[in-house]
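Per chain, numbering begins at 1; letters A, B, ... match sequence-line order. Values reported hereafter were calculated over all heavy atoms of this structure, with side chains retained and with hydrogens, waters and symmetry mates removed.
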Protein chains: 2
Amino acid sequence: MREMTLPESGPKRKLLDAAERLFAERGMDAVSIRDITDVAKTNVAAVNYHFGSREALMSWVMARVVVPIHEERLARLDGLERKWSGKAVPVEEIIDAIAKPIVGQARKSGLSESPFYKLVGRIFAQQADGLPKEIEAQLVYENDRFKRAFAKALPSVGEDELGWRMHFMRGGLIHLLTHQELPHRQARGRSADASMDAIVGRWVRFSAAGLREGVEPVTSSKKGPQELFDF
Amino acid sequence: MREMTLPESGPKRKLLDAAERLFAERGMDAVSIRDITDVAKTNVAAVNYHFGSREALMSWVMARVVVPIHEERLARLDGLERKWSGKAVPVEEIIDAIAKPIVGQARKSGLSESPFYKLVGRIFAQQADGLPKEIEAQLVYENDRFKRAFAKALPSVGEDELGWRMHFMRGGLIHLLTHQELPHRQARGRSADASMDAIVGRWVRFSAAGLREGVEPVTSSKKGPQELFDF
DNA sequence: GTCTATAAAGTGATAGAC
DNA sequence: GTCTATCACTTTATAGAC
């Protein structure tokens, strides 16, 4: 685990917590420095003294949310690759390693679940824009690791096609995180299991099917040369 | 086609055009009344005189973008249901009816393609939030029509499950519209066809596979996706 | 209808007292 | 380190002249 130099307490920590809560509740653009210092019970100058600017504070907030998810994802993927020792990891398990860390971190977070998911979704939606360069690079590495895992599991899917399918998949996750409440409203009380785990499970299966589109199911041994056109 | 009372020319039209362009280029939150009146070459009071408020102008801009797409979607769905006369419409064709109108309207729009797609994506992302109530109701109706069409094609998929799968599907489309450039960057020059038509085609197939997850393929008559690729 | 001038409130950032 | 006071701007909206 890379250690981030983030304070355990003190005013910096109070500002980060306050900003995170407000960003989650209202969206990044709708929170002023004064809103943050009011909640953190510091003076208005504290943000600029401790972080240099509102922008810099925003970066730290995003980093603090994203980095643990990133690290848990890589740890899970490492684990899977060890478990399957060189062989391709099944698609569903790879996708699981993308989604589960979000649910896990939501519980560890001081925020309630729904705002936390919205915050994470918004951060992923703007695709790391505004994150410190160093962390952006980590996310690029993460994306590459997962892409290679998928490529191994789906050798007949061309590289460009795979990139797009991962893009669509990610979009589904972001929409789920930021607008969890919409399908819930439609399913008035009927819903079998409304927990995030269940919903994420639906997303995993949906995405796995999408990624596998056009790929012949492996019945017993390798089938004939497919030569799928990947438009 | 429902006729909207939108001016063909004059200052109202100039303001709508300017606002649309700026919203598309910079995002809804990053455009001030002054930015708009500067581009429209009117005085600052014009927005409030003609529309009452910045918010109201925003609603009109969104409506003007969304309504033609909405109407073309319904027209296409009507056409498909006529064509298949009561029988279930194939999933790919329904999804096509969701996506194609966006590409069509992009060409009719005065904006260049990329900003137009971003604008549409952002409007869909906030799920009609901020739209006039009347138009929001139209979108709810549209969603219901498409959901019923999918339900007919996929009778073994439960209603809640279908709602979630459509949600994931929509998320993929939104992400595609708002971040079209990301996978393009990965595929440096290799890409076979980078047109929006081709990308939307990829999304249609991805989504169809996701919607069909767990559904037994119909083996009775000619199977396979042969005649479905009309992109 | 069009325009200027201005109100009233908010913004991020900072100088300088303590 | 903490805080107040304030700067220099920007925001939406509107009153009132033309």
Expressed in angstrom and rounded to an integer, what is the separation of A:I36 atom CD1 from C:dG10 atom P? 16 Å
Between C:dG12 (P) and A:E55 (CD): distance, integer Å: 10 Å
Please pick, from D:dA13, C:dT2, D:dC3, the nucleotide with the shortest atom-to-atom distance to any side-chain atom of A:N43. D:dC3
Tell me if the side-chain of A:R34 makes a donor-acceptor pair with the base of C:dG10, cut-off 3.5 Å, by modelled atom types. no
Rounded to whole Å, please give me the gap between NZ in A:K41 and P in D:dG1. 22 Å
Atom CG of B:N48 and atom C1' of C:dA7 are separated, to the nearest Å, by 14 Å
If the cut-off is 4.0 Å, is A:S32 near the phosphate of C:dG10, judged by side-chain N/O to OP1 or OP2? no
What is the distance, to the nearest angstrom, from the CG atom on A:D35 to the P atom on C:dT11? 6 Å
Using the six-membered ring wherever Trp is involved, compare the ring planes of B:W164 and B:H167 and label them parallel, tilted or perpendicular (cut-offs 30° and 60°). perpendicular
Using atom types as modelled and distance alone, determine if a side-chain donor or acceptor of A:W203 lies under 3.5 Å from a backbone N or O of A:M169. yes
If I take atom CZ in residue B:F51 and atom C1' in nucleotide D:dA13, what distance separates them, rounded to the nearest angstrom? 16 Å
Residues B:R107, B:E113: salt bridge by 4.0 Å N-O rule: yes
With distance as the sole criterion, is a donor-acceptor pair present between the side chains of B:R148 and B:N143 under 3.5 Å? no
In terms of side-chain heavy atoms of A:V44, which of C:dT14, D:dC3, D:dA13 is nearest? C:dT14
How close or far is atom P of C:dT6 from atom CD1 of B:I33, stated in whole angstroms? 19 Å
Rounded distance (Å) that lies between atom P of C:dT4 and atom CG of B:D38: 12 Å
